[in-house]
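Notes follow the structure.
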Protein chains: 2
Amino acid sequence: MVGVTAPLAGSADPEVRSSMSTRVATDEDGTSKLSRAATIYDVAARAKVSHQTVSRYLRKYPGIRPETRERVELALAELNYRPNQAARTLATNRSLRIGAFAYEMLEVGPSQIMQGASRRARDAGYMLDLVTLFPSDDEATQNAINEMYQQNLAGVIASAPTDRVREALEAADFGVPLYIETEREDELGAEHESLNAVGTRKLVDHLVDQGHTTILNIAGPPSWIASLNRVNAYRRAMLHRGLEPLDSLHTDWSAASGYKLARQMPLDRGVTAIVATNDQVALGVVRALIERGVAVPDDMSVVGFDDIPESEFFLPPLTTVQTHFDMQGKYSIDMLLSMIHNSEAPVREDYVSADLVLRSSTARAPVA
Amino acid sequence: MVGVTAPLAGSADPEVRSSMSTRVATDEDGTSKLSRAATIYDVAARAKVSHQTVSRYLRKYPGIRPETRERVELALAELNYRPNQAARTLATNRSLRIGAFAYEMLEVGPSQIMQGASRRARDAGYMLDLVTLFPSDDEATQNAINEMYQQNLAGVIASAPTDRVREALEAADFGVPLYIETEREDELGAEHESLNAVGTRKLVDHLVDQGHTTILNIAGPPSWIASLNRVNAYRRAMLHRGLEPLDSLHTDWSAASGYKLARQMPLDRGVTAIVATNDQVALGVVRALIERGVAVPDDMSVVGFDDIPESEFFLPPLTTVQTHFDMQGKYSIDMLLSMIHNSEAPVREDYVSADLVLRSSTARAPVA
DNA sequence: CTGTAGGGAGCAGGTGGTGGT
DNA sequence: TACCACCACCTGCTCCCTACA
């Protein structure tokens, strides 16, 4: 949306480009080195105390005499002391950084999840070390796992879009807690429904309540766990209502693929409603239907999934299910933190839900 | 879009949740520690060489006898040695991590930029340390700057959406190269136009060519540099064509704000075309216009900015300008790397452009 | 003996010099 | 003259142990 951009090369004020000029030395190999900052020894010397006392102050030990404390504080401020995290990590074998695997997509979901994760991590005093990948790039995944391993992280979160990625992550052994965000239905207790399942069931129920009986599912990529969950939930929901599920058609999550598919799809099977795997696909499908002279929702009802901010303003406004991407990210971090601190796992229901959002892309089934 | 989610709390297989059980020790304070991995000394002992030789091997020195080299390689593999980056950073005062400031938004642009940056950074052997913030949260910005400072980074990239953020960043002194992605027009040479300006000019020219003379600009937030650039470019482009620019109206970049504004705006000023600050706002505006009985594009032409993947499937498909968010991120990284290595700055034109994408939301001006 | 402070080892690894084969 | 081992010390910080009042 924004297009915040940069000064054109060459026209940039060097002081704006960087602070290299003043504080960054450069090697003969042309690689800049980190600046030489004040250490606790410098601070100690200035405050006329031992480095120990400075360290104690920094780690908030009590037992420092007020006058000593003041001298330390003054020296700290005068030297603009900033602790060196690398040294701290080396000495304590502990760190405040969390690794995160994310997947490159044009859709907003994954990045919203990461925003939520990043925020929650920051609130808990951690930074996120981010690696973005294509799920299909096995080699890059392996390399990234390897690099993460070396980074002295407190833990790692990852979303596993496909079983392949998931297996690679599980086999990885980061040596630290790892939380994989995925939703394998075979791992959920029988009493629990996945979020995808809950949402999909609500959508199908809504359509059936509106009198639809022949409902088509336009799914995401078959290799994606989230997509398969939605497909399975569609089938179960149909059967539960005594209706025959149709074979799902597959897209790549994009509006373009939904459009392309719906342009070609046969229309003579009596389908009166479509459950699209997400809002983008629904958008493409609606566009294709309208081009083919099928009115939405009069001739065909269409529902999406996710409730992206734009869905409310589509024509017609899209009936969908609201997921809370940022809360999913926050949940991942809280889950990981509970592992790191060996405390009780947070309850997922407190974070996420799948609420039906009724808008105008659905209507009662047309009388045949 | 995806909704990749997690097993419900309590029903998760502990082995899936983490690998803590086998490899992570736990303190009495409940904080897990990093695992104790093999060091170069362990490797050296096993290979019956000195730690020196192992170190040389790892840093790819030549001059190691093939048989020695083999012994080292074997020991490395047997012990599953992974270098400790914290120790390496401490010893060399060098690191392979880049800090990145990003801003939390529902729109896709910023996260696309970060994806591009993350990918390019990885290709160059760097990791991204991500911090996401709200631009308006000054305190969080200061805290984040402070934390970044301690992280032994090779450099920092940031987008400065507002002058306020920009000033905070510039004053920060990270001690390492800093590249701020912004586009202050007063810093561009007179011969250079900003990307926002180029795109906006193309849009205005297109509309004027279609016979429109009274063109309204619906802008983003006035504090955002990118938004102001687009406003200024609109004014210049209008004047350049001998037309009177109207006062710009402001949104928050969202479809909802565009909708709300366009629902209330007076329609009696002879406006026949609207330049919206991005595609989302354009979507909201179109929806509001149609609700008010104004046909798009017959009564009113509307253009967006950014060409998000959905725009092609809006009704009507949106005429807009294509920006390349991922390339902007890549450019930021390349720019930063050129600073880190003291090499020549990349040329921005090789990365980004603003190409007009003609679709159906614009038409010739209606005859009055 | 309690409160306060300092000395020194060690975290993993990099780098220099020297000397031996 | 290659190759490599050994010794010593450096990075910044934590932490155990000790010493002094």
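Below, chain A is the first sequence line, B the second, and so on; all start at residue 1.
Listed for the A/S332 side chain is a donor-acceptor partner under 3.5 Å among the backbone atoms of A/Q328.
Taking the nucleotide of DNA chain D with the nearest heavy atom to each of B/L90 and B/Q52, the more 5' of the two is matched to B/Q52. Of the two residues contacting DNA chain D, namely B/P66 and A/T39, the nearest-nucleotide position lying further toward the 5' end is that of B/P66.
You'll find that the side chain of B/T68 is closest to D/dC4, out of C/dG8, C/dA12, D/dC4. Nearest to the side chain of A/A91, among D/dA5, C/dG13, D/dC13, sits D/dC13. Each of D/dC15, D/dC6, C/dG6 was ranked by its minimum atom distance to the side chain of A/S50; first place goes to C/dG6. For B/N84, the side-chain atoms get nearest to C/dG13 when compared with the rest of C/dG13, C/dG6, D/dC4. With D/dC13, C/dG6, C/dG14 as the choices, the nucleotide that has an atom nearest any side-chain atom of B/Y41 turns out to be C/dG14. Taking every side-chain heavy atom of B/R65 into account, D/dC4 is the closest of C/dG13, D/dC13, D/dC4.
Separating the CZ atom of A/R71 from the P atom of C/dT4 is a distance of 14 Å, rounded to the nearest angstrom. Distance A/Y57 OH to D/dC13 P: 15 Å, rounded to the nearest Å. Distance B/N152 CG to C/dG14 P: 15 Å, rounded to the nearest Å. One interatomic measurement links the two molecules: CZ of A/R56 to P of D/dC17, which rounds to 14 Å at whole-angstrom precision. Between the CG atom of B/L58 and the P atom of C/dG14 there is a distance of 7 Å, rounded to whole Å. The distance from atom CZ of A/R69 to atom C1' of C/dA5 is 14 Å, rounded to the nearest whole Å. The CD atom of A/E67 sits 11 Å away from the P atom of C/dT4 (whole-angstrom rounding). Between the CD1 atom of A/I40 and the P atom of C/dC11 there is a distance of 17 Å, rounded to whole Å.
Contact annotation for B/Y61: no contact, since no heavy-atom pair falls under 4.0 Å across all strands. Heavy atoms of B/Y81 sit under 4.0 angstrom from primed sugar atoms or phosphate atoms, though from no base atom. Residue contacts shown for B/I64 are limited to sugar-phosphate atoms, with no base heavy atom under 4.0 Å away.
OP1 and OP2 of D/dG12 both lie 4.0 Å or more from every side-chain N or O belonging to A/R82. Within the structure, every side-chain polar atom (N or O) of A/T92 is placed at least 4.0 Å from both OP1 and OP2 of D/dC15. One finds a side-chain N or O of B/S55 lying less than 4.0 angstrom from the OP1 or OP2 phosphate oxygen of C/dG14. Of the side-chain N and O atoms in B/T53, none sit less than 4.0 angstrom from OP1 or OP2 of D/dC3. Look at A/R88 and you'll find a side-chain N or O under 4.0 angstrom from OP1 or OP2 of D/dT14.
A cation-pi contact links A/R59 to A/Y61, judged by a cut-off of 6.0 Å to the six-membered ring centre and 45° from its axis.
On a pure distance criterion of 3.5 Å, a polar donor-acceptor pair joins the side chain of A/H51 and the base of C/dG8.
In this model, no donor atom of one side chain and acceptor atom of the other lie less than 3.5 Å apart for A/Y331 and A/E181. Donor-acceptor pairing under 3.5 Å is lacking for the side chains of A/N152 and A/R94.
Using a 4.0 Å cut-off between a side-chain N of Lys or Arg and a carboxylate O of Asp or Glu, B/R164 and B/D138 qualify as a salt bridge.
Relative orientation of the A/Y126 and A/H341 rings is perpendicular, given thresholds of 30° and 60° on the angle between their planes.
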